[in-house]
Structures are given as C-alpha cells and as structure tokens.
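Read through the structure below, which is laid out as structure tokens, and then see the notes.
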Amino acid sequence: MYHFLECRLVDHLREFLRRSYNLEDANIVVEQPPKIELGEFALPLAFDLARKLRKSPRKIAEEIVINIGEIPGIDKFEVAGAGYINVRINRAALAAALANDSLPDSDGKKSNSAVPASTGKVLVEHSSINPNKAAHIGHLRNAILGDTFVRLLRFAGREVDVQNYIDNTGAQVADVVVGFVHLERKSMVEIQALAASPRFDYLCWDLYARVATWYAEDKANLQTRLAALHAIEQGNNETAAIAELISIAVLKRHLETMERLDIEYDFLPRESEILHLHFWDAAFTKLKEAGVLTYEPQGKNKGCWVMRRAGTLAGTVKTPASAAAEDGDKAITDMITEEDQKVIVRSNGTVGYVGKDIAYHMWKFGLLGRDFGYRKFFRYPNTHECWISSTDGETEHPHFGDVTEIYNVIDARQSEAQSTVIEALRGLGHNEAADRFTHFSYEMVALTPRCAAELGYTLSEEDKARSWIEVSGRKGFGVKADDLLDALIASAEKEVNSRHLELPGSERSQISTQIAIGALRYFMLKYTKPSVIAFDFKEALSFEGDTGPYAQYAAVRASNIFRKGGLNPDDFCRGSGPGGSESDASRRQGTAVHRVSPDEFDKFLAGDAGNSVWELWLAASQTSQVVSQCVATTEPAYMAKHAFRLAQLFNVFYHRHPILSEPDEKRKRFLLTTAAVVRRELIRVLAVMGISVPAAM
RNA sequence: GCGCCCGUAGCUCAAUUGGAUAGAGCGCAUGGCUACGAACCAUGAGGUUGGGAGUUCGAUUCUCUCCGGGCGCACCA
C-alpha cells in the first residue's frame with residue numbers, strides 16, 4: 001500500500017520536474033521523516049536541485065509545494081527544516097485500502113502485485129552441504145537465508161526453482177569411506193545397517209574428524225585416501241558403492257533436518273552427473289573456442305589450461321617471455337605472471353572444481369546444450385516432490401535449468417571462485433547471463449570462545465582472547481543443526497509447560513516446535529549478511545526482546561483478542577491465506593462485515609491523539625515495500641527488522657488500548673480492525689521468513 | 001605481498017544505501033498483572049560512530065591514509 005503510494009508520488013514528481021524545470025531522469029529519493037508528526041514521506045529533493053537551479057533549497061521547496069498539484073491519496077505537501085518537502089497522505093484512504101487489502105483505487109488487486117512482475121524463472125541455489133557429515137549452524141544460516149530469499153521472491157510474484165548442489169565425488173566423502181572401512185573395519189552390509197540409523201550423519205561427523213586426525217598422525221595414511229578416491233572415480237566396485245550409500249544416506253538426513261525448518265528443494269544436481277554426463281567436455285570445447293581458456297606451455301602452470309583470474313585486467317598478464325625481455329630477473333616476474341592465472345584443467349588432464357562450476361552454470365542458463373537425467377528422490381509430506389540428478393533419468397520430469405536469473409547463496413569465502421565463473425560467462429559472450437548472476441554472499445557463523453568452552457573444547461590463550469572462533473567440520477568443531485533445534489524445542493517446551501499445562505501434550509509440543517523454529521530462523525535473519533555471527537547459546541536460545549518468539553507472541557496476542565471476544569478477525573479486515581475464504585464468502589453474501597467508515601478512520605487516526613495508532617497502521621502498510629527492498633538489495637534482514645517493529649508497535653498499542661472493554665462501539669470496531677490488520681500483516685511477514693504463528697503462547 | 005569484509009552504548013547488533021536530535025535488544029536500576037495472560041509495557045543511566053585528512057548544503061555511510069581484527073589468494077573441493 002505504502003509502496004504503491006510512493007511509486008505514484010515518484011512518477012508524479014518526475015513528470016512535474018520535467019514539465020516545470022525541464023529536468024530529465026532526476027534521482028528522486030523518498031524517505032520517511034524522523035517523526036510521525038512530520039508526515040509519511042520526506043523528499044530531500046530540493047537540496048539536489050539547489051545547485052542546478054542556483055536557488056536556496058528552502059525557496060525551491062516552497063516553489064514545488066505550491067505548484068506540485070493534486071495527487072490522489074495524498075493530502076498535502078509542506079516545507080520543513082532547511083528544505084525538506086514532507087508529504088502527508090490521506091490516512092483514512094490508506095487505512096480503508098489496507099483493511100480491504102487492496103490498492104487505494106483498484107478493483108480488488110492484491111497489494112503485493114504492486115511489485116512489478118519481472119519476466120522469466122529465477123533459480124536460487126542454497127544449502128549445498130557436503131554429504132559426508134551432519135549439517136551445522138553455518139549450514140543453517142545458508143539454508144535459512146536462501147529459503148527466506150526464495151519466499152521473498154515468490155511473494156514478489158516471481159517463479160522460483162530451488163536447487164541444492166551436492167558434491168558427492170570429493171575427498172570429504174572418500175574420507176568417511178576410509179573411516180568406516182579402515183578405522184571401523186565395517187563391511188558393506190554393516191554400513192548399510194548403520195546408514196539406516198536415525199542420526200547416521202552424527203556418526204559420520206565423529207568419524208570424519210577421527211579420519212582427519214588419523215591422516216595427521218602419519219602422512220602414509222593419506223595413501224589410503226588416494227586409493228579410495230581413485231576407486232570412487234572408477235566406479236563399479238565396493239568402495240564406490242559404499243561412497244554412494246553414505247552420500248545418499250547423509251543427504252537424506254540433511255533434507256530431514258531442513259524439513260524441520262520448513263525448507264524444501266526442487267532439485268538436487270550432483271557433481272557425479274556433471275562428470276558422467278560430460279558437462280565439462282561440452283563446456284571445455286566452448287571455452288577453448290572463445291579463447292577463455294588458454295594452454296600454458298611453460299612455467300609453473302606448464303601443461304595446464306588456465307583462465308585469467310577474476311579482477312585482473314585483460315592485457316596485464318605478462319607472458320614469461322615478454323617479462324624476461326624487459327627484466328633480467330625472471331624468477332620474480334614469473335611469479336607475478338602466474339599469480340594472475342587460475343588453473344582450470346590440470347596438467348594431468350582432469351578438471352578442477354571451478355571448471356565443473358562453470359559447466360554447471362552454463363547449464364543453469366541453458367547455454368550448455370546438455371541436460372541432466374532426473375529421478376524422483378524425496379517426497380515431502382505436502383506431496384511436493386524433490387528430484388535428483390541421475391545418468392539415466394525418468395522420461396517424465398519437470399523442466400529445470402534454462403532460467404533467466406540466478407542467485408547463489410554461498411558464503412563470502414567463495415567470492416573469488418564465484419567471480420571466476422561470472423568472468424567465464426562474460427568471456428563466452430554471455431554478458432546478459434553474467435549480469436543476472438548474483439553471488440548472494442554472506443559471512444560465516446563462528447563460535448564465541450565461551451560457547452566453544454561450553455561444548456567442551458579446550459582453548460589456547462590466543463583463542464580465548466578472540467571475539468570468535470571459526471567452526472571446522474574437519475575437526476568436528478561446531479554445533480550440529482539438529483542439536484541446536486533440539487535444544488531450542490526443549491527450552492520452548494519448558495516455557496510452554498509453565499503457562500499452558502491445560503493443553504494436550506501433542507498441542508504443547510506443536511507450539512514448542514513452532515517457537516523453536518521461529519527463534520532459530522529469526523536469529524539467523526536478524527543479522528545483516530556481512531556481519532559474522534558469533535554464535536552463543538544464550539543469545540540463540542533467547543525468546544525475549546528482538547527475537548522470533550517476540551513477534552510470534554504479538555500475533556498470538558492479536559488472535560487472543562478475537563478468541564476471547566468470540567469474534568472472527570476476518571470480519572474486520574480482508575484476511576490472507578486459508579482463513580480468508582470465509583470472509584470472502586460472507587462478503588459475497590453481504591453478511592455482517594464490520595467495516596469502519598472513512599469518517600471514523602479520519603476521526604480515530606487524526607491529530608496527535610491518532611498519531612501513535614497511525615504509526616502502527618503505517619508500519620503495517622509497508623510490507624510490500626520492505627519485500628521489494630529485500631529483493632533489490634538481497635538482504636532479508638530488513639524483513640526481520642520490519643517484523644520486530646510491527647510487533648513492538650502492536651505491543652504498545654495492545655498495552656495502551658483495552659479493546660474488548662471499550663465502551664464506545666465505533667471506537668471498539670476501529671480498534672478491532674487495527675488488531676485484525678496488524679495480525680494479518682504479522683502472519684504474512686513471518687510467513688515470508690518461514691515462521692508460523694502458534695495457536696497459543 | 002595482493003584482493004574482499006568488519007570496527008558504532010558494558011555486550012550483541014541497526015541506521016530507510018549521502019539526510020533532520022545515531023536507534024534497538026540484552027544486561028543494569030526503578031515501576032506496572034483478580035490480564036484481550038508479563039515470552040509484555042513504562043522510566044532512567046549508558047556515544048568524540050577505531051584515529052586523522054578530504055569531498056559535500058549535510059558523512060556512521062563516499063575517497064585517501066594510518067591502527068586493530070577476520071577471510072580469501074593450491075594442478076583441494
């Protein structure tokens with residue numbers, strides 16, 4: 001709603017500036033004034049124009065205010081401060097539209113369709129956990145960011161495919177195979193039995209760390225790993241079968257863990273298929289033809305196919321020959337030269353990780369000319385089907401890949417590799433694809449020294465002084481995702497039991513789970529992406545203040561008002577989601593829907609007295625605005641902020657206005673409408689974050 | 001050495017992407033429940049935004065520089 005008005009305002013202003021000042025494509029910034037009394041929009045426009053027009057900002061602002069003309073939904077413009085133009089919108093009109101969940105002047109279109117629908121399918125890749133050990137809190141941040149971004153895109157009207165890339169051919173899986181076979185002396189059948197155990201991934205977690213220690217004890221042990229790797233690559237032997245068994249079992253566990261958080265995937269492309277279906281061969285040919293890859297005949301990278309490293313300019317790479325010609329000291333110039341090269345194909349002819357990634361991303365954009373085979377892999381309780389890549393696929397399958405826009409949720413440590421892939425696409429002449437390739441980069445989750453100590457790790461004095469310590473799967477150092485979720489559920493259950501012992505046990509555990517998910521997802525979303533999360537149980541387990549449960553609680557309180565009053569919130573505002581259908585029905589039949597008239601809105605929202613409630617309404621109207629902002633900046637944290645602000649404003653409102661005991665019927669109806677609208681928006685906002693609202697708290 | 005990121009209240013983080021008096025949560029102090037259940041609300045203390053220079057009408061935000069911390073720079077994935 002708010003977003004719609006803002007767009008209208010900007011359009012009008014742009015037209016006005018063109019007409020009156022002959023200014024094309026002026027950059028029009030719209031803000032919110034620092035205080036609600038000053039209006040709903042603030043325009044610092046006059047400051048920009050001051051230089052161009054050689055007049056004082058204040059004078060320009062005054063001129064604009066006089067000549068701007070009428071805009072539907074906007075009441076007036078006024079000059080403030082040194083030259084701000086503050087805009088006051090028609091409160092009653094916005095409130096009525098919001099209660100009706102429609103645009104001010106529209107024929108019942110939903111507010112979120114105000115976001116311009118872009119063309120083409122979007123692909124979001126997230127999670128991508130190596131299938132050799134349990135998922136940990138770092139993976140949780142990735143998956144929660146990715147899943148929330150998917151929800152944001154879908155809210156904005158985009159069609160999205162969710163992919164989870166599985167690296168099942170690397171050394172990590174081989175390491176666990178080595179662990180089972182050489183350290184544990186397990187047979188294929190025994191491993192099969194273990195793989196069926198409920199938390200097989202935990203077993204692998206410990207084993208993986210033990211194998212790493214075993215390698216460190218004696219370098220000769222690394223030969224065992226090499227043999228395993230070769231066997232896996234060759235295929236058709238027991239080692240390869242065990243590797244497949246392990247990676248599939250661990251992958252299933254990852255899907256289960258993520259399912260606990262309402263995170264689902266559409267397709268699981270695996271590295272094994274990238275290899276077996278010869279994706280690389282197709283990519284290699286094109287890359288050679290385009291001159292992206294060049295053969296290095298000498299020096300350190302002799303015999304390799306190399307690519308210019310991302311960020312280095314074309315022409316700056318000196319060949320050893322030219323370097324030698326201008327400088328006698330060949331050793332030094334050689335180093336400078338080769339630093340700018342990234343090896344894609346090794347001298348033994350095998351392709352490295354980045355090469356496979358280039359091929360994969362060509363496939364994503366439909367530029368490779370090859371496709372995966374597809375098999376059904378995992379069926380979610382809601383019947384949603386998750387597919388996996390295979391060499392020999394089913395004949396009937398959905399169409400994956402060939403998208404127009406991609407987002408890769410991968411932590412910041414991979415940014416150089418990501419840039420290399422983008423550069424390769426550019427080198428191939430696919431600039432439009434490269435432009436729509438977004439590395440959704442975020443910082444890692446680390447542990448506070450206190451947290452590490454709680455987990456029983458002994459720390460060096462140096463580590464104790466740090467503000468955080470990086471987790472390490474190789475060392476088995478970290479907090480497992482399922483453990484954290486279990487701890488959160490237990491903690492929530494304690495709280496629920498202390499207040500709602502009257503409820504049946506199944507319902508209490510359902511509520512506890514919802515609270516735990518709310519706490520966890522909110523926790524991972526409230527930090528902005530470039531901020532390292534120093535994980536601490538005390539903060540992650542908190543249910544008070546700036547947390548998910550706080551926002552959930554506000555929505556529950558809103559619901560409670562209607563429950564206690566024997567009322568249906570959908571009779572006061574147009575509902576969203578499954579609850580909305582009855583009100584649609586009742587509206588069609590013309591039955592009692594308790595509408596607030598424009599006059600009443602005017603009366604209750606006007607002036608100083610109405611300001612604080614109006615602030616709540618205004619915040620409630622900004623959901624689609626915030627969604628656009630999140631999508632445009634690839635930053636879901638704004639959504640968490642919005643949810644918190646909405647909840648906070650509602651709690652103040654709730655505390656200040658006893659609604660059910662309100663004697664004035666009209667005022668009571670207005671207050672109930674306020675609660676109904678905020679409840680609807682809170683449910684909506686939390687849903688975008690993957691958080692549901694419990695029946696009671 | 002090169003590249004990217006971070007430094008804001010005691011702690012953990014925001015700041016509408018260059019805007020008006022830098023805001024929240026936690027913690028601390030004080031007060032508020034026969035309530036639409038306090039997982040809440042109210043009040044208070046707490047800041048030279050790491051230091052310095054520059055650009056600008058205006059800088060936490062942009063540029064440069066220094067200080068401190070993190071991460072990347074493999075014929076690993």
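Numbers restart at 1 for each chain; the letters A, B, ... are given by sequence-line order, proteins then strands.
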> Using purine N1 to pyrimidine N3 plus N6-O4 or O6-N4 for Watson-Crick, or N1-O2 and O6-N3 for G-U wobble, each under 3.5 Å, what pairs with B:rC71?
Replying inline: B:rG3
>> Considering every strand and a 4.0 Å limit on heavy-atom distances, what is the contact class for A:P44: base, sugar-phosphate, or nothing?
In response: base
>> Suppose we screen for ring pair (Phe, Tyr, Trp, His ring centres under 6.0 Å). Which residues come up paired with A:Y353, at least two apart in sequence or across chains?
In response: none
> Using purine N1 to pyrimidine N3 plus N6-O4 or O6-N4 for Watson-Crick, or N1-O2 and O6-N3 for G-U wobble, both under 3.5 Å, which nucleotide pairs with B:rC13?
Replying inline: B:rG23
> C1' atom, B:rG70 versus B:rG10: distance in rounded Å?
Replying inline: 23 Å
> Watson-Crick or G-U wobble partner for B:rA29, using a 3.5 Å limit on both distances?
Replying inline: B:rU43
> Contact class for A:T633 vs. all strands (heavy atom < 4.0 Å): base, sugar-phosphate, or nothing?
Replying inline: base
> If you measure from the Lys or Arg side-chain nitrogens to the Asp or Glu carboxylate oxygens, is any gap between A:R669 and A:E665 under 4.0 Å?
Replying inline: no
> Under the side chain to side chain donor-acceptor pair (under 3.5 Å) test, which residues partner A:E544, sequence neighbours left out?
Replying inline: none
> Taking atom CD of A:E507 and atom NE2 of A:H500, what is their separation to the nearest 0.5 Å?
Replying inline: 10.0 Å
> When you measure from every atom of RNA chain B, which of residues 510-523 of chain A have a heavy atom less than 4.0 Å away?
Replying inline: A:I515
> How far does the C1' atom of B:rG50 sit from the matching atom of B:rC40, given to the nearest Å?
Replying inline: 38 Å
>> Which is it for B:rU34, anti or syn, if anything within 90° of zero counts as syn?
In response: anti
> Under 4.0 angstrom, heavy atoms only, what part of the nucleic acid is A:Q172 near: base, sugar-phosphate, or nothing?
Replying inline: sugar-phosphate
> Does A:N651 have any side chain to side chain donor-acceptor pair (under 3.5 Å) partners at least two apart in sequence or in another chain, and if so, which?
Replying inline: A:Y550, A:R557
>> What's A:V496 touching, base or sugar-phosphate or nothing? Going by heavy atoms closer than 4.0 Å.
In response: base
> If you look at every strand shown and take non-hydrogen atoms under 4.0 Å, does A:Y550 touch a base, only sugar-phosphate, or nothing?
Replying inline: sugar-phosphate
>> Measuring only the C1' atom in each nucleotide, how far is B:rG51 from B:rU60? A whole number of Å is fine.
In response: 15 Å
> A:N86 near the nucleic acid: base, sugar-phosphate alone, or nothing, with a heavy-atom cut-off under 4.0 Å?
Replying inline: base
> Given the C1' atoms of B:rU16 and B:rU61, what is the spacing between them in whole Å?
Replying inline: 12 Å
> So which nucleotide does B:rG37 pair with, by the Watson-Crick or G-U wobble rule with both distances under 3.5 Å?
Replying inline: none
> Between A:S559 and A:T169, which is nearer to the 5' end of RNA chain B once each is assigned its nearest nucleotide?
Replying inline: A:S559
Report all side-chain donor-acceptor pairs from residues 169-177 of chain A shorter than 3.5 Å, counting only partners two or more places apart or in another chain.
residue: A:T169; atom: OG1; partner: A:E271; partner atom: OE2; Å: 3.0
residue: A:D175; atom: OD1; partner: A:Y215; partner atom: OH; Å: 2.8
residue: A:D175; atom: OD1; partner: A:R225; partner atom: NE; Å: 3.0
residue: A:D175; atom: OD2; partner: A:R225; partner atom: NH2; Å: 3.1

> Using a cut-off of 4.0 Å on non-hydrogen atoms, how would the nucleic acid contact of A:E271 be classed: base, sugar-phosphate, or nothing?
Replying inline: sugar-phosphate
> side chain to side chain donor-acceptor pair (under 3.5 Å) with A:Q648: which residues, sequence neighbours excluded?
Replying inline: none
> Distance between the C1' atoms of B:rA53 and B:rU17, in whole angstroms?
Replying inline: 24 Å
> Using the ring of each side chain (for Trp, its six-membered ring), is A:F284 parallel, tilted or perpendicular to A:W305, with breaks at 30° and 60°?
Replying inline: perpendicular
>> Base, sugar-phosphate or nothing for A:A42? Non-hydrogen atoms, less than 4.0 Å.
In response: base
> What pairs with A:E493 under salt bridge (Lys or Arg N to Asp or Glu O under 4.0 Å), at least two apart in sequence or on another chain?
Replying inline: none
> So what's B:rA59 paired with, Watson-Crick or G-U wobble, going by both distances under 3.5 Å?
Replying inline: none
> How is A:R563 classified with respect to the nucleic acid when contacts are heavy atoms under 4.0 Å: base, sugar-phosphate, or nothing?
Replying inline: nothing
>> Categorize A:R51 for me: base, sugar-phosphate, or nothing, with a 4.0 angstrom heavy-atom threshold over every strand shown.
In response: sugar-phosphate
> At under 4.0 Å between heavy atoms, what does A:G352 touch on the DNA or RNA strands: base, sugar-phosphate, or nothing?
Replying inline: sugar-phosphate
> Could you give the start and end, 5' to 3', of the contact zone on RNA chain B for chain A, using atoms under 4.0 Å from its heavy atoms?
Replying inline: B:rC5 to B:rA77
> Using the P atom in both, what is the distance from B:rC6 to B:rA15, to the nearest Å?
Replying inline: 11 Å
>> I'd like the P distance from B:rA59 over to B:rA20, given in whole Å.
In response: 10 Å
> Taking the nucleotide of RNA chain B with the closest heavy atom to each, which residue, A:R466 or A:K538, is nearer the 5' end?
Replying inline: A:K538
> Would you say the ring centroid of A:F41 lies under 6.0 angstrom from that of A:Y2?
Replying inline: yes
> How would you list, by chain and number, every residue that makes a side chain to side chain donor-acceptor pair (under 3.5 Å) with A:K529, sequence neighbours excluded?
Replying inline: A:T634
> With sugar-phosphate meaning primed atoms plus P, OP1 and OP2, does A:E31 contact a base, only sugar-phosphate, or nothing at under 4.0 Å between heavy atoms?
Replying inline: base
>> Can you list, in residue-number order, the parts of residues 648-658 of chain A that come under 4.0 Å of RNA chain B, counting heavy atoms only?
In response: A:Q648, A:N651, A:V652, A:Y654, A:H655, A:H657, A:P658
>> Base, sugar-phosphate or nothing for A:S415? Non-hydrogen atoms, less than 4.0 Å.
In response: nothing
>> Going by the rule side chain to side chain contact (heavy atoms under 4.5 Å, CB included), which residues pair with A:S559 if we only count those two or more places apart in sequence or in a different chain?
In response: A:R679
> Charged N to carboxylate O under 4.0 angstrom, A:D536 versus A:K538?
Replying inline: no
>> Between B:rG7 and B:rG46, how many Å separate the two P atoms, rounded to a whole number?
In response: 24 Å
>> I'd like to check the side chain to side chain contact (heavy atoms under 4.5 Å, CB included) partners of A:A540; sequence neighbours left out, ordered by chain and number.
In response: A:F523, A:F535
> How is A:Q32 classified with respect to the nucleic acid when contacts are heavy atoms under 4.0 Å: base, sugar-phosphate, or nothing?
Replying inline: base
